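Structure first, commentary second.
Just so you know, these numbers use all the heavy atoms, side chains as well, and skip hydrogens, waters and symmetry mates. Each residue takes its place number in the sequence, starting with 1. This is a predicted model, so every value here is computed, not measured.
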Amino acid sequence: MMLNGTVSHITFTNAENGYSVIRLSSNIVVTGYISILYEGAEYNFYGKWVNNAKHGKQFEFTRYEMITPDTNNKIASFIGSGLIKGIGKVIAKNIVNKFGKRTLEVLEKTPGELSSVPKISREKAEKIGENYREIMTMQNAVMYLMKHDISLNMSIKIFKHYKQLTEEIVSKNPYKLIEDIDGIGFITADKLARSLDIGYSSPFRVRAGIVYALMQLAEGDGHTFVPHEQLLRNVCRLLTIKMIVLSPIYDKIINEMVMDKRVFALEIDGVSGIMLSKFYFAEQKIAGRIKNLMFASHSKKNIKYGQLIANYERINNIKLHQKQIEAIEMAVNSNVSVITGGPGTGKTTIIKVILFINYANKKTTQLLAPTGRAVKRIEEATGENAMTIHRCLDIGFGEKAEPDTYIKKDFVVVDEFSMCDSVLASQLLLRVLNGTQVLFVGDIDQLPSVGAGNVLADIIKSKVVPVIALTEIYRHNEKSTIISNAHKINNGEMPIIDNQSVDFFFQQAETQHDIRDLVISLVTTRLPNYFHINPSQIQVLCALKNGDAGVNTLNNAIQNVINPISKNVNPPKQYAYRDVIFREGDRVMNTVNNYSQMWYNGQNEGKGIFNGDIGIIKNINEETGEIVVRLEDGRVTTYLKSDIGNLALSYAITVHKSQGCEFDAVIVPIVKGGYMILTRNLLYTAVTRAKRIVVLVGNKEDIQKMVDNTYTKDRYSALGFFLTER
C-alpha cells in the first residue's frame with residue numbers, strides 16, 4: 001500500500017540507523033527507516049497500517065520514495081534543512097532567490113556559480129557542491145536498493161562500502177554482497193539477483209552458492225575442510241540444479257576461486273576437498289604457532305617440583321594422586337601441553353598447583369576461558385583473576401597481531417579449551433610470544449565447539465604436544481552423584497536415578513506436553529521453594545529447539561510465569577520481534593559474534609559482544625525497539641531494532657549453547673528424537689553443566705537410548721594435517 005505525505009513534525013529519529021517516527025501534515029503518524037529526513041519533505045511511503053498498543057493506528061513503511069522538491073519554497077526548505085554542510089536557512093533563501101528552480105541543477109553540476117551569492121566563497125561553493133552530490137548519490141543508491149527489498153539499514157551499509165559504484169556493482173553481480181557485506185546471506189542476494197534477471201546458472205550464482213554452502217557447513221556442522229563430493233551435493237541442493245548440469249561449471253569456478261585464493265584445495269588422507277581461506281589461514285596459524293612455541297626455549301626445564309608440590313599439599317591439607325603430579329610436572333616443564341578429563345578428575349586443582357609453582361618461581365600467569373561464565377568459575381575456584389579470550393585479545397581479529405596486543409605473561413592457561421573454535425584459537429596463539437608456556441585444559445568428551453573446527457581433539461590426536469588424560473575421580477561426596485553419574489553416562493552406563501541422592505533427580509513424564517508442564521513447575525516453584533534457589537540460577541538445557549519440550553516453547557512458557565505482564569501500575573515494558581516478546585527483566589542470550597557492537601561498564605567502553613553472552617534486559621524503548629542489556633560480567637550494551645535478531649530468551653537454551661557455563665541447577669528435558677541429536681555426549685555435556693542440582697525429566701527408556709547412542713558427527717578439518725606435515 002502506498003501513502004503520500006509531507007513531513008510536518010519529526011517526533012523521533014535514530015541517527016545511527018535512521019529509524020524514525022514522523023507526523024505528516026495530514027496528522028497521520030508513520031514509522032520506519034529513512035535516510036534523508038527534514039520537515040517539509042514529501043514522500044511516497046510503502047507499507048501497511050498497524051495498531052500500536054500505546055499510540056493507536058500508525059502507518060509502518062518498509063520502503064519510501066522522496067519526491068524531488070519542485071517549488072522555490074520546497075527547494076529552500078530542502079537545502080536549508082541542515083542536510084547540506086555550509087547551507088543554513090538564510091543562505092538557502094539567498095541561493096533560491098538567485099537561481100530559483102535551477103538551484104538543484106547548480107548544486108549538482110556547476111556549484112562554482114554559488115560564489116555569486118553573498119557569504120559564499122569559491123572554495124565553500126565547491127565544498128557545498130561536493131557535499132550535495134554525496135548526499136544525492138547515497139539517496140539514489142539507497143532508493144535503488146530499497147526498490148529491491150533491501151532494508152534501509154542494510155542499504156546504507158552497502159553504500160558505505162561501495163560508495164558511488166553501488167548501483168553498478170549490485171546490478172552486475174549482487175552475489176558480491178555475500179563476500180563484502182556482513183549480514184547479507186545467499187538467500188537475500190539470490191532474491192535480489194532474481195529481481196535483476198541474473199541467470200539461474202550464472203557463474204556469479206554458482207560461485208556464491210559454493211561460498212554459502214561452505215559457510216553453512218562450517219556454521220551448522222563445524223567443518224573447516226569439506227570433501228568435494230559433499231560440497232558439490234550441497235551446492236546442487238542449494239541452487240536446485242542437477243549435478244550433471246552443475247559439475248562442469250563447479251570445476252571451472254572452483255579452479256578460479258583457488259587461483260584468487262578465495263578457497264584452498266587440499267588432499268587429506270586421500271580425500272580431496274576445499275577450505276574457505278578464513279579457516280585455511282586460521283588452522284595453518286594454529287599449527288605454525290604450536291610448532292614454533294614447542295621449539296622455543298624457556299628456563300628451568302625438566303625440573304622435579306616435588307618440594308613445591310609437597311608444600312602446596314601441606315598448606316591446603318590435601319594429597320594429590322600420582323597422575324595429578326605427573327600432569328603438573330608435564331605442564332610446568334612443557335612449552336605447550338594439554339590436560340583433559342571429565343568433572344571431578346582434578347583439572348582445577350592442577351591449575352591451582354601450577355599457579356602456586358609459578359608464583360614461587362616468580363613467573364606470571366594469565367588465566368583465560370572462552371566465556372564469561374567459565375571465567376567466573378575459574379576465578380571462584382582459584383581466587384585469581386581471569387579473562388575471557390575475547391577481552392584479553394581486545395578482539396582486533398586481523399591477520400597480524402599488533403605488539404600492544406601480545407600476551408605479556410610467562411605462562412598461559414586456557415580453561416574449557418574444548419569450546420575454542422579454529423578462528424578464536426588462531427587469534428589467541430598469534431598473540432602468544434615465543435618463550436611463553438601454554439597449557440590447554442578441557443574435556444574431550446564434551447560436545448565440540450559451537451564455531452567451526454575441532455581444535456582440542458585435533459591437537460590431542462596429532463600427538464605433537466604432550467597430553468595427560470585424567471580418568472580418576474578425586475572430588476567425592478558420599479551423597480552427591482552428579483559427578484559419578486556424569487562418568488557413568490560417559491562410560492556408557494545408566495546413571496543412578498532412584499532419587500536417593502541429594503543432587504541428582506529424575507521425574508517421570510511420558511509426553512512432551514507432560515515434560516513441559518513438569519519443567520515449568522520445577523523452574524518456577526518446586527526447586528526455588530525446596531532448595532531456596534533463585535530461578536535465575538536454574539537453567540533448562542534442551543536437546544531440541546522445537547516441540548512442546550523444546551527451547552522456544554519453554555522460553556515463552558517460563559517467561560509468562562517468571563516475568564509476566566502484570567496488572568501493576570508499572571508493568572514491564574516489552575517489545576515484540578517476530579514471534580518473540582522481550583520484556584524488561586527477561587534473561588536473554590546473545591547468539592552471534594558482533595565485533596563492532598559497543599558496550600560500557602561504568603568506567604570503560606569497548607567493542608565486541610559474543611555468542612553465548614548472557615544478560616538481563618534492563619530497559620526497552622517501545623517506540624524505537626532499542627533494548628538495553630546488562631551482561632553477567634557487568635557490561636551494558638544496546639541492541640538497535642535492526643540487531644534484535646541477535647537476542648534470544650534464555651530461560652531455556654540448547655545444550656550446545658551451554659558449553660563453558662556452569663549453573664547452580666540444571667533441568668534436562670529428555671525427549672524422543674533423532675539419533676543424530678540425542679546422543680551420549682549431549683547428555684554428558686548437559687549433566688556436567690550443573691554445580692548443585694540436576695533434574696532429568698522424561699522417560700527412563702529414552703535416557704537409556706541416549707546413554708547407548710555413541711553417534712558423533714565427524715568434523716572435517718585440516719588442523720591435524722597441518723600439525724603433522726613436515
If only side-chain N and O atoms count, and only distance matters, is there a donor-acceptor pair under 3.5 Å linking Gln704 with Asp708? yes
Quick check on Lys291: does its NZ atom have over 12 non-hydrogen neighbours (other residues, nucleotides or ligands) under 6.0 Å away? yes
Hey, is the main chain of His321 close enough, under 3.5 Å, to the side chain of Gln324 for a donor-acceptor pair? yes
Please check if any side-chain donor atom of Lys657 sits under 3.5 Å from a side-chain acceptor atom of Asn611, or the reverse. yes
Looking only at side chains, do Gln446 and Thr685 share a donor and an acceptor under 3.5 Å apart? no
Looking only at heavy atoms, the pair that brings Leu631 and Ile609 closest together is CD1-CD1, 3.9 Å
Just by distance, do the side chain of Asn485 and the backbone of Ile496 share a donor-acceptor pair under 3.5 Å? yes
Evaluate ring pair (Phe, Tyr, Trp, His ring centres under 6.0 Å) for Phe279 paired with Tyr716, printing each intermediate quantity in order. CA-CA 12 Å; Phe279 299 122; Tyr716 294 109; over 10 Å; no
May I ask you to check whether Asn709 and Thr679 show a side-chain donor-acceptor distance below 3.5 Å? no
With no hydrogens and no angle check, do the side chains of Gln539 and Arg587 hold a donor and an acceptor under 3.5 Å apart? yes
Within a strict 4.5 Å, meaning less than it, do heavy atoms of the Phe417 and Ile459 side chains meet? yes
Testing the 3.5 Å rule here: is there a donor-acceptor pair between the side chains of Lys363 and Gln437? yes
Less than 3.5 Å apart, any donor N or O on the side chain of Thr365 or Asn358 sitting next to an acceptor on the other? yes
Please tell me whether Tyr305 and Tyr312 form a close aromatic pair, meaning their ring centres lie under 6.0 Å apart. no
If every non-hydrogen atom of Thr481 is compared with every non-hydrogen atom of Ser484, which pair is closest and at what distance? O-OG, 3.2 Å
Can you tell me if Asn434 and Asn292 form a side-chain donor-acceptor pair at under 3.5 Å? no
Is the shortest heavy-atom distance from the side chain of Val263 to the side chain of Val211 under 4.5 Å? no
Filter on salt bridge (charged side-chain N to carboxylate O under 4.0 Å, His left out), then keep only pairs touching residues 267-278, sequence neighbours left out; what's left? none
Nearest 0.5 Å, what's the CD-OG1 distance between Glu662 and Thr371? 10.0 Å
For Tyr600, does the OH atom have more than 12 heavy-atom neighbours from other residues, nucleotides or ligands under 6.0 Å away? no
Just by distance, do the side chain of Ser334 and the backbone of Val336 share a donor-acceptor pair under 3.5 Å? no
Beyond-backbone contact of His487 with Ile483, side-chain heavy atoms, under 4.5 angstrom: yes
Drop me the distance from Phe721's CZ to Gln284's CD, to the nearest 0.5 angstrom. 9.5 Å
Proximity of Phe264 and Phe281 rings by center, below 6.0 Å: yes
Crowded around Glu380 CD? As in, over 12 foreign heavy atoms under 6.0 Å? yes
Any side-chain donor-acceptor pair under 3.5 Å between Asn604 and Arg635? no
Using side-chain hydrogen bond (donor to acceptor under 3.5 Å, both in side chains) as the criterion, list what pairs up with Thr654, not counting sequence neighbours. none
Distance-only, no hydrogens or angles: does the Arg431 side chain make a donor-acceptor pair with backbone N or O of Gln427 under 3.5 Å? yes
Any side-chain to backbone donor/acceptor pair from His223 onto Met275? Under 3.5 Å, distance only. no
Look only at the side chain of Thr637 and the backbone of Met598, and say whether a donor-acceptor pair between them is shorter than 3.5 Å. yes
Side-chain touch Val687/Val666, heavy atoms, less than 4.5 angstrom: no
Shortest non-hydrogen contact between Gly673 and Leu678, atoms and distance: N-CD1, 3.1 Å
Heavy-atom count check: over 12 atoms from other residues, nucleotides or ligands less than 6.0 Å from Lys376 NZ? no
Less than 4.5 Å apart, side chain to side chain, heavy atoms only: is that true for Val414 and Leu367? no
Check side-chain contact (heavy atoms from CB on, under 4.5 Å) between Ile468 and all other residues, then give those that pass, not counting sequence neighbours. Lys323, Glu326, Ala327, Met330, Leu470
Are side-chain N/O atoms of Ser717 and Asn454 paired as donor and acceptor at under 3.5 Å? no
A quick test of your reading: do over 12 heavy atoms of other residues, nucleotides or ligands sit less than 6.0 Å from CD of Glu229? no
Do Asp503 and Arg692 meet the salt-bridge criterion of a basic N to acidic O distance under 4.0 Å? no
Would you indicate whether the side-chain heavy atoms of Ile703 and Leu696 approach each other to under 4.5 Å? yes
Keeping the roles fixed (side chain from Asn499, backbone from Phe506), state whether a donor-acceptor pair exists under 3.5 Å. yes
For the pair Thr388 (side chain) and Gly372 (backbone), establish whether a donor and an acceptor sit closer than 3.5 Å, ignoring hydrogens and angles. no
So, taking the atom named CD1 in Ile677 and the one named SG in Cys542, what distance separates them when rounded to the nearest 0.5 Å? 12.5 Å
